[in-house]
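Structure record follows, encoded as structure tokens.
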Amino acid sequence: MKILVVNAGSSSLKYQLFDMDTNEVLAKGLCERIGIDGIVTHKRPGKDDYKSNVDFPNHKAAIECVLALLTDKEKGVIGSVDEIAAVGHRFAHGGEKLKKSSILGDQELEYLESIVGLNPLHGPPAISGLKACKEVMPSINHVGVFDTSYYSEMKEEAYIYPIPYELYEKHKIRRYGFHGTSHRYVAAKAAEMLGKADAKIITCHLGNGSSITATVNGKAVDTSMGFTPQDGVPMGTRSGAIDPTVVTFIQKAEGISADEADKLLNKESGLLGVSGISSDCRDICDAAEKGNHRAQLALKILVHNIKKIVGSYIAEMNGVDAIVFTAGIGENDRQIREDVCKNMAWLGIEIDEAFNKSCPRGETVDISAKGAKVKTFVIPTNEEYMIALDTLNLTK
Ligand code: ADP
């Protein structure tokens with residue numbers, strides 16, 4: 001069965017076509033600059049990439065271009081669009097109602113449209129991508145997979161903020177959590193490696209956006225991102241958790257509006273804000289190695305905050321069986337992994353530092369020290385596969 005996975009952003013649309021019988025990616029690619037001028041990049045394993053300028057006035061034109069490429073005699077991988085059994089759509093937010101991956105009918109679409117206020121950046125383009133795909137492929141299932149749904153079984157005390165309860169009732173202000181599809185995928189892999197379904201696992205998704213999630217028995221019990229992806233550990237350009245009063249203080253002290261303060265905390269803070277160099281961890285590591293104090297400080301703040309969250313989740317779960325590192329920084333930055341795991345031996349977390357430095361990239365590896373009570377794994381994430389799998393399961 002072939003499943004198409006679509007991730008629509010405001011001016012982009014990413015796609016991957018899976019053959020779920022062989023678990024292979026047949027083709028994947030990206031339509032960029034939708035509504036501007038348009039570029040498509042189409043990749044197939046073992047073949048040259050195809051890149052071309054195509055005018056996409058909207059998401060519908062972009063998905064039509066994708067389907068034309070997938071079925072093209074030379075560049076294609078399938079004979080006809082009819083071979084696509086279903087489409088899985090990535091949604092950042094499923095609100096409080098879409099608690100699990102779901103087939104998206106009129107009711108679900110109406111609900112998604114009603115919650116765009118919670119998700120103003122990702123919601124509208126994802127809905128527009130869904131509508132375009134439904135229009136072009138009306139006779140098959142369109143499944144929504146939501147980053148938030150992994151957190152739908154957290155206890156109230158983990159998601160209700162200690163602010164007037166009426167604000168939760170009125171505006172649905174609560175911790176939702178994000179990156180759930182990634183955490184679900186790597187936590188399941190870790191449980192499989194441990195051979196323990198009821199394992200206690202802490203997954204550190206450290207990329208441009210970063211979040212940490214605690215999972216017990218396959219269910220998320222807490223997570224560092226909150227009402228928005230702004231909460232938790234410092235990120236490329238996001239501050240992560242800070243004293244909330246800093247926001248109103250900055251507004252008054254700098255004479256800036258709420259929107260400007262929001263931009264400052266979302267786009268100008270985190271690794272970029274502290275280092276003044278870049279939001280990219282590689283640039284900061286290079287500068288830190290050359291002795292740049294603010295680059296060194298940015299990395300120390302990152303590690304300090306990851307440790308604090310990991311420690312708090314161990315307390316919350318009364319122990320941990322495995323720590324998992326994933327995403328751009330988690331999968332590649334050996335120094336950050338070593339620094340996070342340093343001085344955690346009392347908790348049972350110890351890594352094999354030499355193997356951590358030399359282990360292969362892009363593979364699932366166990367970097368725990370011999371005899372360590374807690375396992376430490378590096379597991380490459382694969383959100384698209386998870387979306388395809390949920391879509392398959394709802395379609396079969
Ligand atoms: P996104 O959240 O955009 O999906 P990624 O998961 O791709 O982000 O992670 C991007 C981050 O990963 C960047 O900070 C980048 O510097 C970091 N990264 C990628 N490769 C490496 C590497 N080889 N060493 C250190 N950091 C890396």
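We use all heavy atoms of the structure for the numbers below, so side chains are in, but hydrogens, waters and symmetry mates are not. Whatever order the structure lists them in is the order used to number ligands and atoms, beginning at 1. These numbers were taken from a predicted model, which means no experiment stands behind them.
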Next item on the list: Examine Phe146 together with His93 and report whether their ring centres are nearer than 6.0 Å.
Entry: no

Margin query: Assess whether a salt bridge exists between Asp352 and Lys370, defined as any Lys/Arg side-chain N lying under 4.0 Å from an Asp/Glu carboxylate O.
Written below: no

Note to self: Keeping Ser239 on the side-chain end and Ser269 on the backbone end, is there a donor-acceptor pair under 3.5 Å?
What the structure shows: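 No; zero donor-acceptor contacts below 3.5 Å.
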
Check: Around ligand 1, what residues show up once you keep those with a heavy atom under 4.0 Å from it?
Finding: Gly207, Asn208, Gly209, Asp280, Cys281, Arg282, Ala327, Gly328, Ile329, Asn332, Asp333, Arg361

Margin query: Exactly one of Ile336, Val274, Asp333 should register a side chain to side chain contact (heavy atoms under 4.5 Å, CB included) with Leu299. Which one does?
Written below: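 Of the listed options, the one satisfying the test is Ile336.
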
Check: Are there more than 12 heavy atoms of other residues, nucleotides or ligands under 6.0 Å from atom CD of Glu169?
Finding: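 For Glu169, atom CD is crowded (more than 12 foreign heavy atoms under 6.0 Å).
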
Item checked: Which residues share a side chain to side chain contact (heavy atoms under 4.5 Å, CB included) with Ala86, sequence neighbours left out -> Ile3, Asn141, Thr391, Thr395

